[in-house]
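Encoded as structure tokens, the structure appears first; notes follow it.
Heavy-atom basis, side chains included; hydrogens, waters and symmetry copies ignored. We name chains A, B, ... by the order of the sequence lines, and we start the count at 1 in each one.
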2 protein chains.
Amino acid sequence: MKFDKELIKGGTTMLILNLLSTGDMYGYQMVRELEKRSDNIFTLKEGTMYPILHSLESRGMVEAYWEDSDSGRKRKYYHITSKGKRLLNEKKKEWKIYSNTVNRVIGGAHLA
Amino acid sequence: MKFDKELIKGGTTMLILNLLSTGDMYGYQMVRELEKRSDNIFTLKEGTMYPILHSLESRGMVEAYWEDSDSGRKRKYYHITSKGKRLLNEKKKEWKIYSNTVNRVIGGAHLA
DNA sequence: ATCAATACATAGATTAAGGAGGTATAATTG
DNA sequence: CAATTATACCTCCTTAATCTATGTATTGAT
């Protein structure tokens with residue numbers, strides 16, 4: 001299914017950008033956060049997340065920086081850029097169109 | 001992104017089954033119908049639809065029969081079975097969970 | 001007569017996402 | 001203290017969904 005142009009294509013990207021829009025985070029934290037915020041409905045897989053994060057970085061949507069935690073453990077934090085915020089807004093718009101249309105089509109009272 | 005079990009996986013299948021739940025249809029007609037019902041947002045590609053239709057048939061979700069149109073042209077109609085209706089209902093439930101969760105996560109008023 | 005529309009179909013390419021595995025350190029538990 | 005679990009990063013390969021491209025054949029319109 002294609003939606004006019006490029007609708008949806010990568011809903012995970014939207015969720016990742018959305019997480020980062022609420023504050024800088026590191027990868028491992030994002031997995032837990034999304035689980036928490038979705039009441040364990042969504043499970044972000046590392047094999048899915050890290051490639052997306054690296055792709056977003058190379059496209060200038062996020063910026064990464066290393067920081068030490070209290071325990072001396074290294075963490076790679078990601079920060080959403082203004083370009084990334086624009087992408088997020090686009091994706092949200094697309095999601096609205098997509099989900100509203102699905103709901104209309106499947107829920108709709110259409111008489112033959 | 002995976003949703004607990006098998007959520008969503010093939011939203012196109014849901015839309016196709018949904019179309020058939022409103023009456024028997026032939027492939028070519030379904031393409032036009034979905035376009036119409038979605039105000040041209042969804043474009044069902046034949047290369048996507050036919051394989052799905054054949055898979056649904058082999059799994060007993062739909063049944064096919066040939067019929068001649070007025071113009072003598074052959075049409076292959078599809079009819080949703082009760083098994084197919086059950087599958088449709090499951091898919092709709094999954095869609096509700098999925099879309100509600102996305103909306104909660106991205107729209108949600110979460111304070112850090 | 002030619003072109004667009006109707007109507008079916010498949011093969012191969014593309015892409016998103018997941019599964020499985022790998023490295024390394026810190027915290028917990030027996 | 002040793003073993004396990006949790007933290008934290010990463011990549012390669014596969015699977016599955018979908019699209020692109022193509023093919024056949026008939027009918028209707030110009």
Nucleotide nearest [X] when distance is taken to its side chain, options [options]:
X	options	answer
A:His54	C:dT10, D:dT11, D:dT7	D:dT11
B:Ile52	D:dT7, D:dT18, D:dC9	D:dT18
A:Tyr28	D:dT20, C:dA7, D:dA8	D:dA8
A:Lys45	C:dC8, D:dC9, C:dG19	C:dG19

(message) Hydrogens and angles aside, do B:Arg104 and B:Ser99 bring a side-chain donor and acceptor to less than 3.5 Å of each other?
(response)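 Their side chains do not contain a donor-acceptor pair, so the 3.5 Å distance test is not met.
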(message) I'd like to compare against my own output: the B/S/- annotation of nucleotides 24-30 of chain D with a strict under-4.0 Å heavy-atom distance to protein.
(response) --BSS--
(message) On DNA chain C, compare the nucleotides closest to A:Met49 and B:Arg75; which residue's is nearer the 5' end?
(response)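 Of the two residues, B:Arg75 wins.
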(message) Expressed as a whole number of angstroms, how long is the span from B:Lys76:NZ to C:dT6:C1'?
(response)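 Between C1' of C:dT6 and NZ of B:Lys76: 17 Å.
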(request) Starting from P on D:dT18, measure out to OH on B:Tyr50 and report it in whole angstrom. (result)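 Taking atom P of D:dT18 as the reference, OH of B:Tyr50 is at 17 Å.
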(message) Base, sugar-phosphate or nothing for A:Gly27? Non-hydrogen atoms, less than 4.0 Å.
(response)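 Sugar-phosphate, no base atom in range.
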(request) Assign A:Gln29 to base, sugar-phosphate, or nothing according to its heavy-atom contacts below 4.0 angstrom with the strands shown. (result)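 The residue A:Gln29 makes no contact with any strand.
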(request) Between A:Pro51 and B:Pro51, name the one whose nearest nucleotide on DNA chain D is closer to the 5' end. (result)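 Going by which nucleotide is closer to the 5' end, it is A:Pro51.
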(request) Could you name each residue pair satisfying side-chain hydrogen bond (donor to acceptor under 3.5 Å, both in side chains) that touches residues 74-83 of chain A, not counting sequence neighbours? (result)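 Residue pairs passing side-chain hydrogen bond (donor to acceptor under 3.5 Å, both in side chains), neighbours aside: A:Asp24-A:His79, A:Tyr26-A:Arg75, A:Asp68-A:Lys74.
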